[in-house]
> 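Mind having a look at this structure? Questions to follow.
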Number of protein chains: 2
Amino acid sequence: MKVSTSTNQSFDPLAGGIFPAACPSRTVLDHVSSKWGVLILVALAQGPQRWSELRRRAQGISEKMLAQTLKTLEGDGFILRDAQPVIPPRVDYSLTSRGSELVALLVPLLEWINVHAEDIVNGQA
Amino acid sequence: MKVSTSTNQSFDPLAGGIFPAACPSRTVLDHVSSKWGVLILVALAQGPQRWSELRRRAQGISEKMLAQTLKTLEGDGFILRDAQPVIPPRVDYSLTSRGSELVALLVPLLEWINVHAEDIVNGQA
DNA sequence: CGGTATCCGCACGGATACTG
DNA sequence: CAGTATCCGTGCGGATACCG
């Protein structure tokens with residue numbers, strides 16, 4: 001069987017990629033699909049937001065995890081940190097263009113989950 | 001506010017959903033975005049596969065995690081387990097229609113990650 | 001082949017206190 | 001307001017052994 005890059009119904013878009021244990025794709029996937037990563041990313045889909053807004057949105061997140069998640073996502077170039085040197089401090093987080101690309105793919109997924117979640121956890125078909 | 005399916009830059013497709021701490025959406029999201037959940041799901045996008053095939057594909061997964069992930073995904077109705085009472089045993093896993101819907105949203109995400117992963121981990125724009 | 005059972009380390013992540 | 005530092009528990013997940 002040959003690997004096709006065309007639109008095949010038995011698609012293999014992951015050739016050379018996702019499945020090896022220590023590949024870059026896995027690293028990024030782990031960042032994105034981390035417990036809070038997705039939530040922060042889609043939260044930022046609604047536009048730039050401050051630390052405290054993100055904390056309120058992603059209900060249940062701790063300060064530590066918020067800081068850690070934001071740093072990881074910033075390190076990956078998905079979000080931008082804009083710290084204004086004022087008192088009291090004001091820091092805005094926003095999506096980079098790369099982040100926006102990613103979020104554009106994330107949002108349909110979250111929408112789908114949001115629609116079907118209840119049926120799924122209730123064990124309904 | 002109404003939910004728009006068009007390309008809106010300030011979309012809010014998550015109303016009433018994802019952000020509360022103990023909502024069904026979070027549960028499902030955690031299952032799907034678990035370390036191995038995504039991998040198993042997209043692996044099954046290539047068609048029904050046996051236990052050992054999945055184990056080989058999702059490189060690095062342990063037997064325990066494979067079993068656990070498969071059960072969770074089966075419980076959510078994403079995959080189907082077909083155990084044939086033969087010796088030696090043969091068990092095939094496949095996507096349900098619900099699973100296929102989900103995977104259809106997952107694949108573009110994984111493709112994107114696969115394409116951009118190297119730049120991201122190398123810190124390139 | 002396709003699992004289950006058990007043990008166990010470690011890092012993921014929460015709570016609290018403190019700082020610029 | 002926006003974090004950092006520290007402590008610490010839990011459970012995620014790997015390794016191994018065993019079973020139908």
Side-chain angles (χ1 to χ4, degrees), chain A residues 18-23 26-41 43-44 47-76 79-95, chain B residues 18-22 26-41 43-44 47-76 79-94:
Chain A
I18 281 290
F19 292 116
C23 58
R26 279 279 192 98
T27 306
V28 176
L29 179 61
D30 283 351
H31 293 175
V32 171
S33 78
S34 73
K35 176 163 188 178
W36 301 108
V38 188
L39 246 19
I40 296 300
L41 284 169
L44 287 172
Q49 280 162 77
R50 305 177 62 175
W51 167 277
S52 41
E53 292 181 286
L54 290 171
R55 187 149 160 57
R56 252 177 286 118
R57 254 176 204 282
Q59 287 176 31
I61 197 171
S62 67
E63 295 190 347
K64 179 185 174 181
M65 281 304 105
L66 179 54
Q68 186 174 301
T69 303
L70 286 171
K71 276 185 182 171
T72 301
L73 295 177
E74 192 193 0
D76 287 344
I79 68 180
L80 197 68
R81 182 178 185 275
D82 175 30
Q84 302 168 42
V86 297
I87 296 178
R90 172 179 182 118
V91 183
D92 287 270
Y93 293 90
S94 57
L95 292 174
Chain B
I18 281 291
F19 293 115
R26 280 279 191 98
T27 306
V28 176
L29 179 60
D30 283 351
H31 293 175
V32 171
S33 77
S34 72
K35 177 163 188 177
W36 300 108
V38 188
L39 246 20
I40 296 301
L41 284 168
L44 287 172
Q49 280 163 75
R50 304 177 64 174
W51 166 278
S52 40
E53 291 181 287
L54 291 171
R55 187 149 160 58
R56 251 176 287 118
R57 254 175 206 282
Q59 286 176 30
I61 197 171
S62 67
E63 296 190 347
K64 178 185 175 181
M65 282 304 104
L66 179 54
Q68 186 175 302
T69 304
L70 287 171
K71 275 185 183 170
T72 302
L73 295 177
E74 191 192 0
D76 287 345
I79 67 179
L80 197 69
R81 180 179 187 275
D82 175 31
Q84 301 168 42
V86 297
I87 296 180
R90 174 181 180 118
V91 183
D92 287 270
Y93 293 91
S94 57

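Chain A is the first sequence line, chain B the second, and so forth, proteins listed ahead of strands; every chain is numbered from 1.
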> Expressed in angstrom and rounded to an integer, what is the separation of A:Arg81 atom CZ from D:dG3 atom C1'?
8 Å
> B:Gln49 side chain to B:Gly47 main-chain N or O, any donor-acceptor pair under 3.5 Å?
yes
> From the options D:dG13, C:dG14, D:dG3, select the nucleotide whose nearest atom is closest to the side chain of A:Lys35.
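When the side chain of A:Lys35 is considered, C:dG14 is the closest of D:dG13, C:dG14, D:dG3.
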> Which is true for A:Glu63 with a 4.0 Å heavy-atom rule: it touches a base, it touches only sugar-phosphate, or it touches nothing?
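Base contact - A:Glu63 has a heavy atom under 4.0 Å of at least one base atom.
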> Would you please confirm or rule out a distance under 4.0 Å between OP1 or OP2 of D:dC1 and any side-chain N or O of A:Tyr93?
no
> Of the listed nucleotides (C:dG13, D:dG3, C:dG2), which one gets closest to any side-chain atom of B:Ser52?
C:dG2
> Give a yes or no on whether the backbone of A:Ile18 and the side-chain of A:Arg26 come within a donor-acceptor separation of less than 3.5 Å.
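Side chain of A:Arg26 to backbone of A:Ile18: a pair is present.
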> Want to settle it: does A:Trp36 or B:Lys71 sit nearer the 5' end of DNA chain C, counting the closest nucleotide to each?
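The residue whose closest nucleotide sits nearer the 5' end is B:Lys71.
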> Should A:Arg55 be listed as having a side-chain N or O under 4.0 Å from OP1 or OP2 of D:dC1?
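For D:dC1, neither OP1 nor OP2 has a side-chain N or O of A:Arg55 closer than 4.0 Å.
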> Starting at CG of B:Asp92 and ending at P of C:dG3, how long is that distance when rounded to a whole Å?
10 Å
> What's the CZ-P distance between B:Arg26 and C:dG13, to the nearest Å?
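Roughly 12 Å, once rounded to whole Å.
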> In whole angstroms, how far is the P atom of D:dA5 from the CG atom of A:Leu66?
16 Å
> How close or far is atom C1' of C:dG3 from atom CD of B:Glu53, stated in whole angstroms?
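Going from CD in B:Glu53 over to C1' in C:dG3 covers 16 Å.
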> Write down the distance between CG (A:Asp30) and C1' (C:dC12), rounded to a whole number of angstrom.
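Atom CG in A:Asp30 sits about 13 Å away from atom C1' in C:dC12.
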> Quick one: A:Gln59 CD to C:dG14 P, roughly how many Å, whole number?
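Rounding to the nearest Å, CD of A:Gln59 and P of C:dG14 are 14 Å apart.
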> Out of curiosity, B:Lys71 NZ to B:Asp76 CG, how far, rounded to the nearest 0.5 Å?
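CG of B:Asp76 is found 14.0 Å from NZ of B:Lys71.
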> Between atom CD in A:Gln68 and atom C1' in C:dG13, what is the gap in whole Å?
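Whole-Å distance recorded here is 8 Å.
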> Would you give the length of the straight line joining atom CH2 of B:Trp36 to atom CG of B:Leu66, rounded to the nearest 0.5 angstrom?
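B:Trp36 atom CH2 to B:Leu66 atom CG measures 9.5 Å (nearest 0.5 Å).
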> Run the numbers on A:Leu70 and A:Leu54 for side chain to side chain contact (heavy atoms under 4.5 Å, CB included), then give the verdict.
CA-CA 10 Å; A:Leu70 286 171; A:Leu54 290 171; 4.0 Å; yes
> Does A:Ser34 or A:Pro89 map to a spot on DNA chain C nearer the 5' end, using the closest nucleotide for each?
A:Ser34
> Is the distance from OP1 or OP2 of D:dA2 to the nearest side-chain N or O of A:Arg50 less than 4.0 Å?
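Looking at the OP1 and OP2 atoms of D:dA2, one of them is under 4.0 Å from a side-chain N or O of A:Arg50.
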> Considering heavy-atom distances to DNA chain D, does A:Val91 or A:Lys64 have its closest nucleotide positioned more toward the 5' end?
A:Val91
